[in-house]
Visitor: 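Have a look at this one.
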Amino acid sequence: MLILAILVTSLTATGIAAALTWRPWIGWMTAASSAVVLGLGVGLSVTSLSGPQWALHHSLRADSLSAFMVVVIGAVSLLATAFTSRTMHQELTSGVTTTRYARHYVVLTQVFITCMLSAVLTANLGVLWVSIEATTIATTFLVSHRRTDGAFEASWKYVILCSVGIALAFLGTVLIYYAQLHTSGVAHHASLDWTTVMSAAHHLDPRVTRIAFALLVVGYGTKVGLAPLHSWLPDAHSQAPAPVSALMSGVLLSVAFYGLLRFRAVAVAALGPAFPRALLLVVGLVSLLLATVMLIAQRDLKRMLAYSSIEHMGLLAIGAAVGTPLAIAAVLLHILGHGVTKSVMFLSAGEISHAQGTTEISRITALLARQPTLGGIFGFGLLSLVALPPFSLFVSELNMARAEVDAGLWWAVAISLVCLAVIFAALARHARQMLLGGAADVPPTALPTALPASLTTLLVGALVACVVLGLLTWPLQSLLVHAAQTVTP
Amino acid sequence: MSTTYVGVLELAAGAVLLSAVMTLWRRSVRAIVSMLRLQGVALSVVAVDLALHEHEHALLATGALVLVVKGVAIPALLRRIAQRDPRSRESRPLVNVPASLVFAAALIVLSYVVGTRITALAPSVVTNLAPLGLATVLVGYFMLVTRRHAVSKIVGLILVDNGIALMTFLLTSGVPLIVELGASLDVLLVVVVLQFLMVSMRHHSATDRLTEMKALHD
Amino acid sequence: MGLYLAALGLCAVAAAAGALLPRRRRVTPTALLGALGCLAALTAALRILVTGDAVTFHTAQVLPLTGLSLSLDPLGAWFVLTSAFVGVAACVYLVGYAREGLASRTAMAMFMVFLLTLVAVPAASSVMSFMFFWELMALSSLLLILADQSRHPEARSAAIWYGVMTHLGAASILLGFLVVAAGGGQSFSDLSAQSSAMSPLARGIAFLLILLGFASKAGAVPLHVWLPKAHPAAPSPVSALMSSAMVAMGVYGIIRVGRDLLHGGSVWWWVVVSLLGVASALYGGLHATTSTDVKRLLAYSTIDVVGLVLIGVGAAGALGDSGLGSVAHVAMMGALLLVLAHAGFKGALFLAAGAVERATGTRDLDLLGGLIHSMPVTTLVVVVGAGSIMAVPTLSGFSSEWLLLQGLLHGFGAASTPTVIVVLLGVVALALTGGLTAVAFVKLVGIGFLGRARSPGAAKASEVSMSMRVAMIWLTGAGVVIGLVPGLLVAALDRAAATGRARDAATGLAHGTGLVLTGLHGAIAPAALLGGLVVVMVLVGVLNQRATQRRVRRVEAWGCGRDEQTPRMQYTATSFAEPLQRVFADVLRPQADIEVTHVAESRYYEQSLAYENRVVDVVEARGYRPIIDGVLRVGRGARRLQNGSIHRYLALGFLALLVVLVVA
Amino acid sequence: MSADFWYGALATLIQVVVVAFGGPLLVGLMSKVKARSEGRVGAPVTQPLRDLWKLVAKERLHARHASVVLGLAPTVILASTVVAVAISPLVSTRPWLSSSADILVIVYLLLTGSAAAALGGLDVGTAFGGMGASRAMTIGALAEPALLVAVVALSIQSKTSNLPGIVSATLAHPDWVLGPSRLLALGALLIVVIAETGRIPVDNPSTHLELTMIHEAMTLEYAGPELALATLGEAMRLGLLFSLVANLFLPWGISTQRSVMSLVAGVAFLALKTTFVALGVALIEVRSAKLRLFRLPELLAGGFVLSVLAVVTGLVAR
């Protein structure tokens, strides 16, 4: 029931937004729908603890992992949609957009969110692929929403790179299906249904599954933003409106990663852990290294955040490579922590660039003096992003590292720790420039459109939530453990 | 097993790959689009042929869908784009045509090496053709990488997709209809999106060299 | 445990108060809550040190996926005692000191979090709990360094140095821990059990990794570069906590891991520790003599003292492995006592430096002078603190250095050559730094507080507020008590330094007021020595008064016949240290620029003469700069990777696909 | 009170008195020797004592900007030296608090005195006080380590850093005296003693040119009784160091029994031994020129190396 309610809520909001012309309350309506989704997701998490839920003749399915992803999507989209009204207002007043495009924006955002929800709630791995591909289409328009040269260029690159990547994931899915058709021994009805695939996973032909999984890693990896197919990510994230960047970085990447997690379980069952581990480890480490070197001399605020997303996705891949229940639980916690933190970062970066009129790091100065609250949120968000306690990313990164060393990958941990330290240094340098750089005695400037208290509270609340998640066990632990079990042997 | 069925299948599958290679060879955008249309038709022939032989109604529907989407809609869209484009030639590919063809040959060999590993699971007359699909994927990707023209890029993308569809038909006689439907529509939508982007760009900005834009970089 | 948990709770409440209370009512309640928390921690630690019973606590409700484990044994309690001891003073000081940046919501909350972590780190008893508090300590101190950044721009780069170094260190510690914890539990007791089964090489690697991190936190050369930047840049109560308590956490970690979790390992581990100690002691001592910034001088002197402590810890480890358990015990007790003593006097000195800065507006010794007339209490605190650090007999630094030296001297009997070399180097370093420290602190007192004011700020100085004075006096007074009757702490020290290793039960310290080694020949009675000194001074003073007229006639000082002398004619801190700087020019690499402007009419007359003298940290300039430059070059080069060309991006993907197909 | 206590008290008293008078006499003796060897008659040996007596009666003068430190410094110099003299094994191995007569105590008591002198010099706020303090502390920073390490070399054999313990152990093992380690340590100690007592080639005690002064520059502002205290303190320091050199290397004659006669004999032997040391140092002074300030570190580093060598030799011979 809850599953349907979630999708219906999101679809209803989409419908309303599509039916009416743009009004500020529509933005708030979408935020409310996100809040409802979040609430229903929490409810679903609770019920899913006792076993998977089904809906619509077994075409929708929610186990703890799906429920957890719904929570992530709900949380991040709540943050992002809450900023819709404000962003549209800013763009309308500055003439960047018109009410027509504002309506497009809201509708597409809702479509985007609905696609992600359907991706995690579907029982069918094929539909999962379709949903993720559909997000590409929705977000392409969102990336080009500002209709500048840069926005078009970014969305062009985005759609080309992602389409070709995700096509490979489709080929991988097909090969899994093919392998399943020809499983020896057990006679059963072949389908792309998750439970069916998993029940046959042990009998899948290893050679085909190997190729299939490799293609899936490349394909979904593109969407996750893993190197070497990451190149669309910095461009798209830097050109999209801030809430869209928040959604993309906060959940879209993770939803694609969710697909990888599912297929990893299949591959491990068919192949044993060695090959999936090696593959994920390589792409994870390459992504991490790439993000590291690109962050050192980064010049653009939003691109900086984008590369940081690549970094975190690399970490997730390394964690998933290990694939023990502890590692997966930590990976999931990391997904949530990263999602919330990164959306806070993108949203505040949006405010910053709007206020300062640039996203160039060297031209943003003395933020803490000019806008103490915004600067403070940004600063604490960065602290969370570099995984310092008490934020939850600290707990998840440490537990991933633990699991990795337990699996004998201490050298990978060593490499990633060095990368993380360099990234810390790089981000610290950039943060120094933006938060404290330049003239120190700048008085706080009262902006005509200073962040309203409600949104400030929301951002601060999100950071506090990160702290609570990193500090206390009760909200998540049982869900994480349960969810990890669904994709670990 | 009727020989006609196999013959048609082999011919159509071969046509898919051949048309892919031809797109590398031809420079005129219009010709490339025609190749693409040919490929879409061949693809639908494969699907229909398989469907008739195996009495799969779903696959028949898929074949029809493929014909509509890949044989008609997409080429038509691309043709419209190409007509508006004054420079409708792939003038300066990153890898020149002869070299491209050599590469394509190498890629085809590679797809046979890899493809045999896949077909080894259930060798049959039908599945043995699957490497053709993989080769189409690789050739399409190669085109995507090396061709500068925006339409060529889109064509490359569709080639990849067609190759995958070919493999799908040959290996599994089509995935469940809903998935296939979604996949085909997605491709269509992607093309629409790309077309929209190109049009908006041209409308909006002085430059229309979409593929040469390098403003966003580090 | 109850009291200790209450202490942590009080600190947390204080942090919340700092974050939530309105500005005007923020500082005093928060600081007092924090002080109360520290007092509770102090009491709890003392109780454990007196009874010797360890207490443990575990909850699964905090820290997801692992839970929080705390366990406080005498060794941990000793460091909790150290932190809480300084923490009380820092909180009280805060009442009068906190203004502007430091009184902000964030800074007050972070100050209390910092205190919390300082008393929590020594109790953490699992990898996750430890890293949690450890990193939280780094985070809070990092933000505190930045508290006054608007007035001290140098704090910004200091914070980055600190942040990066501590992050690298934490990474290294984490990796080392994980190597030990691999495939098993993550609580310290599990680690201790698992490490016995590890190969010596793996254990050695784990130790080196962990040592790297802890030594960097402790400020050991060559991992010290952040310390002389960060400690001076932080607001003074924070500097006091960092220099006396946080640095001690590095020492704690080395002892805890090397001795308890990895069971001592082999002699070479401790040789490394000692060598770090020797390098730190000499380098720190040398730079302290040439520094002219009060807090920078104190920071370098912290490196010096940490060096001595590490020499003690290293010698104790090496001696323990060479079968001289009793002597090792003495050396360890010396190191631990030095940690506590250092916390007292260095804390007081940093607080006094803050008082001076508040009163005069500068920390530059070359601009100070004559403060003894206007700031008598602060001057007294500095004199006693300087005396302690110079190891003037009867003050706290002396008792601990004596104990350390006893441990080293009796270690000459060790059979293994590396151990003897360690001990020898330790003695040499101890001797050399003694002299260097004397120069540095005579300079601090003599130039900064005696003589005549060298700037208007110093001339207008007045004594600081009551709470600041109380805080300084608390640290100084407690330090004096520790120095005079170290016997009070003997039982506690014995428990804190005790290992599982067998040692001669008859050897140790006798209970009493002074320190008397049992089983070895050696004793000191600081109280009696002080008695002697006082008696002689009183006698001399009385005779001096009696023998002459009571009145003292004031005259002009001798100036080669010149009538009037100005304050600018005085020796400055730079000139005071110049001879020594010249002696050690090869190590210090001072850079001097002389700029002469001639009068237009003749080259034989100078219009102006500018002289500038800098001493840069050689380790930083030669060791770190090239690495930083290299990383930046890599970063700039990497930018070309993302050149914006979609062809290149697609080609990358294509290559990946081909590779994957071939590999799969 | 036990007999040991009273014996200790008597020994302490005798040591303080003997050094208080003996120190200035040694200074006078050395001036005499120098004068004679230069062909002059020279002042009588008791001249330093007479100077002290004269100074005590004079007026107390303080510089205008000086603080309480100026008055306190000579007292601290004297007190630290007196305490060191009181507990060291000079006349007897068992004076009061001799259990605390550790190397570290004595070295750091001397350092305390030096620091007090330097602070007194800086207190006035003139160029000369600062210059003297700077130079003296530099020399001290290099000399004290050598002193400490040299005595540590002795303590290796006797397994204690307690000075009476070292003396007693040497008495029990006369063969130690001529060991290479001891001779090296003796060399180091002599250099240290010359530096610490401000004799040529390190410092010229009789200079009256401000720019060449080291020690004298610090005491430039003292007058009357305070100058007397400071001078007495320095003289006693010289006495203490000479006595320590004598007793650590040639401990014979020192009182180890609880008898008054042995104390008397101890005084006599001490006088004899220190006279020899004084003569030796005076000869060095006569035969060498004062070094430039920046050549001094080489000499002192030499002393330090000698002392480290002494330790190493001691360890090898162990």
Side-chain angles (χ1 to χ4, degrees), chain A residues 156-157 160-161 164-165 168 210-211 214-215 217-218 222 228-229 231-232 234 293-297 326 329-330 333 369 376 383 388-390 392 394-395 398-399 401-402 405-406 408 410 413-414 417-418 420-422 424-426 428-429 432 436 440-441 469-474 476-477 480, chain C residues 59-67 106 127-128 131-133 135-136 138-139 142-143 146 149-151 153 156-157 159-160 163-164 167-168 171-172 174-175 178-179 181-184 186 628 631-632 634-639 641-642 644 646 648-650 652-653 655-657 660-661 663-664:
Chain A
W156 170 262
K157 288 179 184 169
I160 294 260
L161 281 161
V164 67
L168 298 175
R210 248 171 102 95
I211 297 173
L215 288 169
V217 168
V218 175
T222 310
L229 281 149
S231 311
W232 61 272
V293 295
M294 295 311 295
L295 278 169
I296 294 170
L326 173 66
L333 182 59
L383 292 177
L388 284 174
S392 74
F394 169 78
V395 172
L398 245 65
N399 280 301
R402 250 179 81 200
V405 175
D406 278 349
W410 60 269
V413 176
L417 285 175
V418 171
L420 288 177
V422 176
F424 178 90
R429 260 183 79 228
R432 177 200 169 184
L436 311 169
D441 302 325
L469 292 178
L471 217 51
L472 299 181
T473 308
W474 59 263
L476 275 181
Q477 174 126 322
L480 289 176
Chain C
T59 174
Q61 290 310 308
V62 182
L63 285 188
L65 303 174
T66 47
T106 316
V127 173
M128 279 299 291
M131 292 313 295
F132 177 77
F133 285 123
E135 285 286 74
L136 197 56
L139 167 79
L142 180 67
L143 293 183
L146 287 169
Q149 54 88 17
S150 55
R151 279 191 299 133
R156 299 169 194 164
S157 90
I160 291 188
V164 173
H167 206 76
L168 274 169
S172 182
L174 176 65
L175 191 62
L178 290 182
V179 167
Q186 54 109 25
I628 296 171
V631 170
L632 285 176
V634 167
R636 279 192 291 270
R639 279 220 304 261
L641 219 63
Q642 299 294 114
I646 190 170
R648 170 178 292 192
Y649 299 166
L650 282 166
L652 278 178
L655 269 180
L657 174 66
V660 152
L661 280 180
V663 170

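Chain identifiers are assigned alphabetically (A, B, ...) following the order of the sequence lines, protein sequences preceding nucleic acid strands; residue numbering begins at 1 within each chain.
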Visitor: Would you mind checking which part of A:L388 comes under 4.5 Å of any heavy atom in chain C, side chain (CB onward), backbone (N, CA, C, O), both or neither?
Guide: side chain
Visitor: Return the option, out of C:T66, C:T106, C:V179, with the maximum number of heavy-atom pairs under 4.5 Å with chain A.
Guide: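 Most pairs with chain A among the choices: C:T66.
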Visitor: C:L650 versus chain A, heavy atoms under 4.5 Å apart: side chain, backbone, both or neither?
Guide: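 Both backbone and side chain.
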Visitor: Using the ring of each side chain (for Trp, its six-membered ring), is A:F424 parallel, tilted or perpendicular to C:H167, with breaks at 30° and 60°?
Guide: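 Rings of A:F424 and C:H167: parallel, under 30°.
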Visitor: Go through C:L65, C:V660, C:L63 and name the one with the most non-hydrogen pairs under 4.5 angstrom from chain A.
Guide: C:L65
Visitor: Under a 4.5 Å heavy-atom cutoff, which of C:G184, C:G163, C:A656 has the most pairs with chain A?
Guide: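 Option with the greatest count: C:G163.
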Visitor: Side chain, backbone, both or neither: which part of A:A426 has an atom under 4.5 Å from a heavy atom of chain C?
Guide: neither
Visitor: Could you look at C:L146 and say if it's the side chain, the backbone, both or neither that has a heavy atom under 4.5 Å from chain A?
Guide: side chain
Visitor: Quick one: what part of A:I211 sits under 4.5 Å from any heavy atom of chain C, side chain, backbone, both or neither?
Guide: both
Visitor: Give, as side chain, backbone, both or neither, the part of A:L476 having an atom under 4.5 angstrom from any heavy atom of chain C.
Guide: neither
Visitor: Side chain, backbone, both or neither: which part of A:V422 has an atom under 4.5 Å from a heavy atom of chain C?
Guide: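 Looking at A:V422, just its side chain touches chain C.
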Visitor: Tell me if a side-chain donor or acceptor on C:R648 pairs with a main-chain N or O of C:L641 at a distance below 3.5 Å.
Guide: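 At least one qualifying donor-acceptor pair exists.
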Visitor: In terms of heavy-atom proximity below 4.5 Å to chain C, should A:V218 be classed as side chain, backbone, both, or neither?
Guide: side chain
Visitor: For C:L655, is it the side chain, the backbone, both or neither that has a heavy atom under 4.5 Å from a heavy atom of chain A?
Guide: neither
Visitor: If you count heavy-atom pairs under 4.5 Å between each of C:L652, C:T59, C:V663, C:I160 and chain A, which one has the most?
Guide: C:I160
Visitor: Test of understanding: with side chain to side chain donor-acceptor pair (under 3.5 Å), list the residues that count as partners of A:R210, not counting sequence neighbours.
Guide: none
